[in-house]
Every structure is written in C-alpha cells, then in structure tokens.
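Okay, structure first, notes after.
The sequence lines fix the lettering, A, B, ..., with proteins before strands; numbering per chain opens at 1.
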There are 2 protein chains.
Amino acid sequence: MGISKTEHFSDSQNEIATIAKALGHPARIAILEYLMSVDSCICGDIVNELPLAQPTISQHLKELKNAGLIKGSIEGNAICYCINDSCLETIMSYFMNMASRLKKKTCC
Amino acid sequence: MGISKTEHFSDSQNEIATIAKALGHPARIAILEYLMSVDSCICGDIVNELPLAQPTISQHLKELKNAGLIKGSIEGNAICYCINDSCLETIMSYFMNMASRLKKKTCC
DNA sequence: TTATATTATCGTAATATTGCAATATATAAA
DNA sequence: TTTATATATTGCAATATTACGATAATATAA
C-alpha cells in the first residue's frame, strides 16, 4: 500500500477500508462467489475452480480471513472455509446508509 | 497490484473488485464521507479537511473518479466533485444480493 | 497582461501487492 | 511408521500503491 497514514483516520473509516481492500481483487470476489455457490463449504475445490496456483489461493484466503470476510474450520485433514455473513452485513449496511442519505441531496 | 490476472475473471467480478479497490483506503472513505456531509459540493475544502497534501488528495480523487464513484464538474476556476450515486447503487445491490442469498445457507 | 487561486501532473522514494516454485506442516490412510 | 493428501509458509521477482515536493496547467481577478 505504500506509506499509508491509517492513524489519521477514524476506526470506522479504517474498518470499512480494510474490508473494501480485501474485496478489491477479482480473485477474492471469485472466491466469495464460489463459496456462495456451494451449499457445503468445500475448500480445496477453490484451487481447482480458479486459474491460480495453490499458494496464491491460500494467500487470498488469508487476506479474506484477516478482513473478517470468511471463517475457516478444520474438517479432518482439510479446512472448510465459509463466508462470515456478519462482516458482509457491516459493509452492506454502511453503503445502504450512505445511499439512503444521498437521495436527499442535490448535486452539481 | 503486482502481476494481476484480471483477464481470467468475469467483467462483473472485475467491476466489483475495481470499485471495492477504490474504496480500500481510509483517505478515500474519508473523502466520500466528507462529500456526503456537505450539501453543496465543495472541492478544495477536502485538502483542508484531511491530513494529506494537495497532490495526494488529487491522486485519491482521480482514483475515485476512475472507479466511477465520484463525478467532477468545472465551477469557475475550481472543480466541484460529488458522489456518483449510481455507482454506489451498483456495489450496494451486489452485497445486498449476496447477503440475502446467504441467509438460506447452512455453514460449517 | 500580470498576478492570484485552484487543481493536475511529474518525478521519486518507501512500501505493499501479486503470483508462484519450493518447502514445511499437519492430518488421514495404509 | 510410511505414504498420501491438504493447506500454509518462505523467498523472490515483477509490478502497484502511497505520499509529497516541485512544477505545470487553467481560469479568474486586478
């Protein structure tokens, strides 16, 4: 990110930015969409589903996890990842609030 | 972004990722929030409002504009920026759709 | 025209991201 | 215990982001 001055911004602003940043890559959007498309939360299949190597997928999963967008639980020798809906709620309600407030404005 | 393979993903996935990426910095969230807080769309005030230098603000505004999140129109010798609500609608409805589909799922 | 004000661009240093091969770790099965 | 399977970590090269000083570009005012 270069030298970012996160300390100059509010916790809320940093939280939203962190979640948005994690969403800011097509591979991670694709991972979320795949996680949504399967009823049971399979993990290794993501590697077969996307055109990226296993270490790269693992790295993207880590970033999604750090942002709180997904959860992982051990299932035998595999790991089952799934979407954390409360995190999705957070960012959704943020933009819903913003969009609803915008309707009352007149702009240039 | 490093060597990103955007060509391997769908237009929709790239579009959402591009918008999310633009939102993925606290300064840009702060800019959007400031643009919302003022009834009339002032521009130069953003520089006074945030703890960043003018070229840095200008760069962030450019990224928000490229992602379609804000619009700019010439107003005398100043430039008036304001939020593009249709772009906000796009990302909001994407997450609303995702969140509503999630409620029907059982997870690990 | 000249001066002032406002925003954009250039150049550059510091740091972050992306992707993958190689390797490590951990659990399950044989 | 050995082997196979699944995921994470390390190390590295290529590229992108962030921030800002200096400067350019543009429009208004004097």
How many Å lie between [atom1] on [X] and [atom2] on [N], as a whole number?
{"X": "Leu23(B)", "N": "dT17(D)", "atom1": "CG", "atom2": "C1'", "answer": "16 Å"}
{"X": "Lys71(B)", "N": "dT7(C)", "atom1": "NZ", "atom2": "P", "answer": "18 Å"}
{"X": "Glu63(B)", "N": "dT17(D)", "atom1": "CD", "atom2": "P", "answer": "7 Å"}
{"X": "Glu7(B)", "N": "dT18(C)", "atom1": "CD", "atom2": "P", "answer": "15 Å"}
{"X": "Gln59(B)", "N": "dC10(C)", "atom1": "CD", "atom2": "P", "answer": "11 Å"}
{"X": "Leu61(B)", "N": "dT6(C)", "atom1": "CG", "atom2": "C1'", "answer": "13 Å"}
{"X": "Ile31(A)", "N": "dT7(D)", "atom1": "CD1", "atom2": "C1'", "answer": "13 Å"}
{"X": "Ile29(B)", "N": "dT18(D)", "atom1": "CD1", "atom2": "P", "answer": "12 Å"}

Practice problem: Provide the full list of salt bridge (charged side-chain N to carboxylate O under 4.0 Å, His left out) pairs with a residue in residues 25-38 of chain B, sequence neighbours left out, each pair given once. | Solution: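 Matches after skipping sequence neighbours: Arg28(B)-Glu63(B).
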Quiz item: Any side-chain N or O of Lys21(A) less than 4.0 Å from the OP1 or OP2 oxygen of dT17(C)?
Solution: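 Lys21(A) to dT17(C) OP1/OP2: side-chain N or O found under 4.0 Å.
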Quiz item: Does Lys62(A) place a side-chain N or O at less than 4.0 Å from the phosphate oxygens OP1/OP2 of dT9(D)?
Solution: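 Affirmative; the distance criterion is met.
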At a cut-off of 3.5 Å, list every protein nitrogen or oxygen paired with a nitrogen or oxygen from nucleotides 28-30 of chain D, distance to 0.1 Å.
none

Self-check item: Proximal nucleotide (of dA8(C), dT7(D), dT6(C)) relative to the Tyr81(B) side chain
Solution: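 Between dA8(C), dT7(D), dT6(C), the one nearest the side chain of Tyr81(B) would be dA8(C).
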Self-check item: Per His60(B) side chain, nearest of listed nucleotides dA19(D), dT7(D), dT7(C)
Solution: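 Taking heavy atoms from C-beta onward, the closest nucleotide is dA19(D).
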Self-check item: DNA chain C contacts made by residues 44-56 of chain A, counting heavy atoms under 4.0 Å
Solution: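 Result for residues 44-56 of chain A: Leu52(A), Ala53(A), Pro55(A), Thr56(A), sorted by number.
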Apply side chain to side chain contact (heavy atoms under 4.5 Å, CB included) to [X] and list each qualifying residue two or more places apart in sequence or on a separate chain.
{"X": "Asn97(B)", "result": "Arg101(B)"}
{"X": "Ala78(A)", "result": "none"}
{"X": "Lys65(A)", "result": "Ile70(A), Tyr81(A)"}

Exercise. Assign each of Ile74(A) and Ala27(A) to its nearest nucleotide of DNA chain C by heavy atoms, then name whichever residue's nucleotide is nearer the 5' end.
Key: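 The residue closer to the strand's 5' end, by nearest nucleotide, is Ala27(A).
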Quiz item: Rounded to the nearest 0.5 Å, what separation is found between the OG atom of Ser58(B) and the CD1 atom of Ile46(B)?
Solution: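 Going from the OG atom of Ser58(B) to the CD1 atom of Ile46(B) covers 10.0 Å.
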Quiz item: CG/Leu35(A) to CE/Met98(B) distance, rounded to the nearest 0.5 angstrom?
Solution: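 Spacing of CG (Leu35(A)) from CE (Met98(B)) equals 8.5 Å.
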Practice problem: Could you pull out the closest heavy-atom pair between Ala27(B) and Leu50(B), with the gap in Å? | Solution: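 Heavy atoms only, the tightest pair is O-CD1, 3.8 Å.
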Practice problem: Search all heavy atoms of Pro26(B) against all heavy atoms of Ala17(A) and return the closest pair with its distance. | Solution: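 For Pro26(B) versus Ala17(A), the nearest heavy atoms are N-CB, 3.4 Å.
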Practice problem: Using modelled atom types only, decide if a donor and an acceptor are shared between the side chain of Asn84(A) and the backbone of Gly68(A) within a distance under 3.5 Å. | Solution: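 Answer holds: yes.
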